[in-house]
Amino acid sequence: METIQHSLEQAFTKAIHAAFGVAADPLITVSATPQFGDYQSNAAMGLSKRLAAGGTKTSPRQIAEQVIANLDLGKMVDAPLGTRDIAGPGFINIRLSPSWLAGRLDEISRDPRLGVPRASAAIRTVVDYSGPNVAKQMHVGHLRSTIIGDAISRVIEHLHGAENVIRQNHIGDWGTQFGMLIAHLRHGTGNSPSVEGASVTPESHIADLEEFYRQAKKRFDEDAAFQDEARKTVVRLQSGEPAERDAWQKIVLETRRDYQPIYLRLNVKLREEDERGESFYNPFLADVVNHLKQKGLAVESEGATVVFVDGPDKPPMIIEKTGGGYLYATTDLAGVRYRIQELHAKHLIYTHDSRQANHFRQVFDTARKAGWAGNDVQLDYTPFGTMLGADGKPFKTRSGDTVKLKDLLDEAEERGYQIAKEKSGSRGTDISDEQLKAIGRAIGIGAIKYSDLSKDRTSDYVFSWEKMLSMDGNTAPYLQYAYARTRSIQRKAGKTDSPPAGINLTQPAELILAKHILRFGEAIEIVARDLKPHLLCLYLYDLATKFSGFFENCPVIQSEEPIRASRLALCDVTARTLAQGLDLLGIEHPEQM
RNA sequence: GCACUCGUAGCUCAAUUGGAUAGAGCAUCGGUCUUCGGAACCGAGGGUUGCAGGUUCGAGUCCUGCCGAGUGCGCCA
């Protein structure tokens with residue numbers, strides 16, 4: 001099923017071509033205010049200029065007139081457009097027919113995809129996100145990448161099919177820090193992590209490793225001889241020495257036990273098979289460097305092998321260190337090549353924080369010049385800002401430490417549980433404690449994810465429990481509540497034997513809600529185009545708000561048939577759209593709250 | 001020093017590849033309703049979109065300069 005916007009685009013493109021013999025984007029957008037109708041075409045002004053450049057001077061309004069004279073919108077409108085639909089400098093306003101909208105909504109109510117079209121040509125996409133580090137617990141620094149990357153993946157899956165989206169968890173399981181860690185392990189400190197002790201719980205393992213990491217780092221920073229030893233150890237590890245590899249593997253396994261449960265709690269789809277850590281690319285790195293050398297892109301400089309991406313006078317990208325050893329630029333280059341050549345991806349997306357902007361710009365630029373990423377491959381870096389505390393500084397614990405993700409999720413679930421308990425108590429309903437905990441999880445985890453996803457990812461955002469758990473405004477609980485209300489109405493209405501006789505839109509609030517439901521596909525397409533989940537949040541918030549308006553003004557259960565059936569159907573499509581939207585964000589939606 | 005990102009109402013955030021009169025929530029103030037889930041509704045005030053130019057029929061959005069905040073910048077990732 002096509003979106004309304006796309007149908008209008010086709011009709012207008014045809015009309016423009018018929019009138020002027022040119023192909024032009026009709027620039028169809030949703031109208032800002034109802035007085036200008038539902039959609040508008042903004043093409044006439046630009047077209048006037050374009051035709052003037054070709055020697056034909058025509059005013060935008062005249063152009064608009066000729067466009068609508070050639071326009072056939074069929075039953076989408078009650079009457080063909082006329083001069084009264086041309087406004088301002090040459091906007092063409094389109095007011096859709098209520099009966100056509102009702103018929104359309106009827107179709108969508110029977111469509112499992114709710115009017116969201118599949119991509120016309122499926123494109124295989126790799127999404128790189130999360131990327132926790134070995135020997136460390138996940139902390140809030142990983143949160144945004146993990147949930148934004150997952151939401152982007154889900155949306156693209158919905159359009160291009162799950163088989164065309166490959167998640168890649170580029171974990172930090174390789175690199176210089178392992179030289180430090182292994183060297184520190186070998187020298188012994190009296191505080192070595194008990195990486196072999198089966199009697200030790202996974203949690204305490206990780207806690208030990210973190211302390212161990214701190215000690216190793218301290219020693220590395222203070223002791224020049226130790227630094228040298230660490231560098232040599234990395235080289236031995238990277239050339240596959242068994243002793244080093246053994247120590248390394250133990251550390252990796254311990255870390256994995258920490259982050260997989262976190263993904264499950266976050267309702268994030270990353271699994272162990274999505275893992276392609278830095279170590280995975282180890283066998284390809286020498287070849288990557290050789291290839292770049294052969295292409296003349298990589299050169300020796302001050303003992304290292306580098307690519308002067310920005311010219312000889314600017315700091316280069318280092319791909320091999322003095323004395324051997326590769327860096328994360330080399331690994332990412334190998335990743336680009338692997339994803340294109342082996343995974344056959346045509347679209348690579350990297351969801352990492354904005355501090356990596358320069359890094360990815362250099363990697364992409366080099367991958368293009370090296371010939372790995374051709375013109376048929378799209379490379380996207382989708383950066384995001386920092387999570388801030390109420391004080392406007394990076395989010396930390398009161399003592400100034402980074403917040404562990406596990407602790408954050410514990411608190412979210414507890415706060416969600418308290419809300420669920422309080423609300424159910426005030427309503428006097430009978431819900432088991434187990435159910436309350438499940439609802440509390442949905443609320444708490446949903447709130448954390450939604451408060452992040454609902455903001456434009458490029459800017460920093462302020463973390464606030466109070467705001468994200470509010471029942472008012474653009475929050476997860478508000479949307480979850482709206483969903484629960486739709487389901488509550490349906491439950492109260494009981495089973496209706498007769499299938500809905502069709503949807504009728506008579507009240508303004510019904511029409512407003514219906515029009516918005518019909519835009520779901522457009523919203524999803526925009527999210528996929530801009531890779532910005534907050535636009536989906538915005539759509540869902542508007543949907544919930546418009547449902548609320550409908551709910552206030554249009555009695556459902558108390559209405560007479562056939563209005564009752566029509567409104568129940570409206571509730572049902574609303575519910576399913578909310579549910580589908582929240583699913584695409586990876587946020588749960590309990591049947592009752 | 002160079003580069004990138006950002007600057008919108010008191011606060012937190014929107015504004016569909018440049019479109020018409022810049023919108024929500026919170027907070028503030030005023031009002032309404034014997035409720036299909038009060039976790040309600042209606043209304044008001046609040047803006048020179050950091051500043052100054054420029055491009056355009058049209059700029060919060062694009063360009064230049066300045067101010068302010070953040071981030072990155074040869075052997076960590």
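Basis for what follows: all heavy atoms, side chains included, without hydrogens, waters or symmetry-related copies. Within every chain, numbering begins at 1; the chains are lettered A, B, ... in the order of the sequence lines, protein sequences first and strands thereafter.
Here the C1' atom of nucleotide B:A24 and the NE2 atom of A:His534 are 13 Å apart, to the nearest Å. For the pair A:Lys455 NZ and B:A15 P, the computed distance is 13 Å after rounding to whole Å. A:Glu552 has its CD atom 12 Å from the C1' atom of B:U32, to the nearest Å. We find that NZ of A:Lys314 is positioned 7 Å from C1' of B:A3, with the value rounded to whole Å. Here B:C76 presents its P atom at 17 Å from CG of A:Asn358, a figure rounded to the nearest Å. Between A:Phe360 atom CZ and B:U5 atom P there is a gap of 16 Å when expressed in whole angstrom units.
With B:C36, B:A15, B:A40 as the candidates, the nucleotide lying closest to the side chain of A:Ile489 is B:C36. Of the candidate nucleotides B:C36, B:A40, B:A14, B:A14 has the atom nearest to the side chain of A:Leu538. For A:Met593, whose side chain is taken as the heavy atoms from C-beta onward, the closest listed nucleotide among B:U12, B:A39, B:C73 is B:A39. Set against B:C75, B:A20, B:C2, the side chain of A:Asn93 has B:A20 as its closest nucleotide. The nucleotide whose nearest atom lies closest to any side-chain atom of A:Ile318 is, among B:C36, B:C75, B:U56, B:C75. Picking from B:C73, B:G25, B:G70 the nucleotide with the shortest atom distance to the side chain of A:Tyr541 gives B:G25. Side-chain proximity of A:Met471 to B:C36, B:G74, B:A39: nearest is B:A39. Relative to the side chain of A:Tyr461, the nucleotides B:C75, B:A24, B:C13 differ in distance, and B:C13 lies closest. Relative to the side chain of A:Ser459, the nucleotides B:A14, B:A24, B:A39 differ in distance, and B:A14 lies closest.
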Every protein N/O lying under 3.5 Å from an N/O of nucleotides 16-18 of chain B:
{"from": "B:U16", "atom 1": "O2'", "to": "A:Arg529", "atom 2": "NH2", "distance (Å)": "3.1"}
{"from": "B:U16", "atom 1": "O4", "to": "A:Val30", "atom 2": "O", "distance (Å)": "2.9"}
{"from": "B:U17", "atom 1": "O4", "to": "A:Asp25", "atom 2": "OD2", "distance (Å)": "2.9"}

List the atom pairs, donor and acceptor, that lie under 3.5 Å between side-chain atoms in residues 389-396 of chain A and the rest of the protein, sequence neighbours left out.
{"from": "A:Asp391", "atom 1": "OD1", "to": "A:Lys393", "atom 2": "N", "distance (Å)": "3.0"}

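Interface remark: the A:Ser301 side chain does form a donor-acceptor pair with the B:G74 base, using a distance-only criterion of under 3.5 Å. Not a single donor-acceptor contact under 3.5 angstrom links the side-chain atoms of A:Asp542 to the base of B:A14. Under 3.5 Å, the side chain of A:Thr322 and the base of B:C75 form at least one donor-acceptor pair of N or O atoms. No hydrogens or angles were tested; on distance alone, a donor-acceptor pair under 3.5 Å links the side chain of A:Gln35 to the base of B:U21.
Every residue was checked against the salt bridge (charged side-chain N to carboxylate O under 4.0 Å, His left out) condition with A:Glu302, not counting sequence neighbours, and none meets it. Judged as a salt bridge (charged side-chain N to carboxylate O under 4.0 Å, His left out), and not counting sequence neighbours, the contacts of A:Glu275 are A:Arg256.
Aromatic stacking is not marked for A:Phe91 over B:G19, as the cut-offs of 5.5 Å for the centres and 30° for the planes do not both hold.
Between A:Phe520 and A:Tyr539, the angle of the ring planes lies from 30° to 60°, which puts this pair in the tilted group. Ring-plane geometry between A:Phe364 and A:Tyr350 is classed as tilted, the angle between the planes lying from 30 to 60 degrees on a 0 to 90 degree scale.
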(message) Please convert RNA chain B into dot-bracket. A pair counts if it is Watson-Crick or G-U wobble with both distances under 3.5 Å; crossing pairs go in [ ] and bases paired with another strand get |.
(response) (((((((..((((.....[...)))).(((((.......))))).....(((((..]....))))))))))))....
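Residue pairs satisfying the salt bridge (charged side-chain N to carboxylate O under 4.0 Å, His left out) criterion with at least one member in residues 83-95 of chain A, sequence neighbours excluded, are absent.
Here A:His170 and A:Tyr281 bring their ring centres to under 6.0 angstrom of each other.
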